Amino acid sequence: MTTPKSMSIKELMELAALDAFGLLDEYETDLYSRSFHHAPASVQDEIVRIQAELVANESLLPNETPDAGLRARVLEAVARAIEEEDTTTLAPLASIGGRLSYIPVAPRPRLALSGQFWRAAALLLASTTLVMTFFWAEARNEGSRIAMLALDQNMILQLEKEIGPTFREFLGNPSCERRVFRNKTPRTHAIGTLFVDRQTQSAFLLLLDMPIIGSDDKYTLRARLEDGTYEDVRTFSGTSRNHGLRIDRLSFALLAVVSWEITDSSGVTLLHAT
Amino acid sequence: MSQQDWMLMHRVATGEETAVAELYDRFETLVFKVSRQLLPTKAEAEDAVQEIFIRLWKTADRYDPRRAKLVTWVMLIARRHLIDRLRRTAVRPTESSIDAGAPNPADTIHPGKNSQESERNAQLHRRIAELPELQRTVIERAYLRGFTLRQVSEQLDAPLGTVKSALSRGLTRLREHANSDWAS
């Protein structure tokens, strides 16, 4: 049995309703999405329009309204969920604090996420922001929208040079994993993500707001392997605050590393990702 | 609008309270109505709305404005959650009970629900009743009861492609009928 690599425009149009209502199975949903991205822009626009019109059609839905108190309950439930995730994320630190219980801990305001969690979220989201905006500009061919993010031109050029039009496919690949970096030192407030694609044995390193260092100094991306040894994967200049680096031909050992680090030229670990 | 929508979801993903509230205010009615369509009681629908907005927060960073409008994304997450919920509960109809005329076990568990149910979805059921038999059956089972298309295909002993086409055409016809009702 052969499996289709993509759907025709006719199939895309025919299955638009099923896709919008989540009625396709997992495999078909993936196939639909991939085929959608390869369809002409006019077809994409039409599908997006049809799907929105279909799901927003209230005449197919019951004519009932929620109780007035539901809003407060829902917002409270979401806030609680965010708090809980925050607490879970901080569990190891919280247990250390437990042993030092004589140290007073200030109560955290609701929805004001703790510094560390916020940083972790920011690491991921900033990367997503950049990537999504890149996609946006790439798709719409509107370079000016990138500038709205106030990223420096070097970063844009670097992204275009390093990634090219295949970046979307790279990140959209189900085998692509994200490793989010955390700061290991107060010397930097940088954020970053490493995208590792096991299938193509390649990776993409995205770093924002790195400290600028001398032109002779280099940063290093290194991997800690299962046996506890380290392997330097890539060195790069520190003359720019933002970096987008594609890394090809990762060895099999690097596909199963314990953690990733960014070190400065003296070997100090600035960022760490597990 | 798409870029504003993406920025809104970006803010939701960071847990910004005002963004979550904005998202809620925009989609509260739709999310509640679709929950009410699939769940037997108002209380269950309201519980589901809470869970759906938590799920929207958790998935907010995955929203792609080029792939779908925000309303489509929100309703997709909502429907997926509701279908998961239906499948988790023990009130899923068995194959034998979903034959025409057989009561849905959910109805037996919620006595007195039938009249509410029929009134609640009366308009939709009237429109569905006007569809050709196969389209009607497939919509009832897949769209309203959460069966997978593969299950429906097996239940009806019909090819999967036929089931898909029937469902797609049925949903399109429902939309067209609804639009013409609005216009008239």
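Since this is a predicted model, take the numbers as computed values, not measurements. Chain letters run A, B, ... following the sequence lines, proteins first and then strands; every chain starts at 1.
Interface summary for chain A: among B:Lys164, B:Glu28, B:Glu51, the most heavy-atom pairs under 4.5 angstrom belong to B:Lys164.
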Run the numbers on B:Thr18 and B:Arg11 for side-chain contact (heavy atoms from CB on, under 4.5 Å), then give the verdict.
-> CA-CA 9 Å; B:Thr18 55; B:Arg11 288 164 52 219; 3.5 Å; yes
Any chance you could lay out the salt bridge (Lys or Arg N to Asp or Glu O under 4.0 Å) test for A:Glu46 and A:Arg49, step after step, and finish with the verdict?
-> CA-CA 5 Å; A:Glu46 181 65 2; A:Arg49 187 190 65 75; 2.8 Å; yes
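In this structure, B:Ala48 and B:Ser35 approach most closely via the heavy-atom pair CB-OG, 4.2 Å.
Using a 30° and 60° split on the angle between ring planes, A:Tyr32 and A:Phe36 fall in the parallel class, below 30°.
Within the 4.5 angstrom heavy-atom criterion, atoms from both the backbone and the side chain of B:Arg67 approach chain A. For B:Phe53, the parts sitting under 4.5 Å from any heavy atom of chain A are the backbone and the side chain alike.
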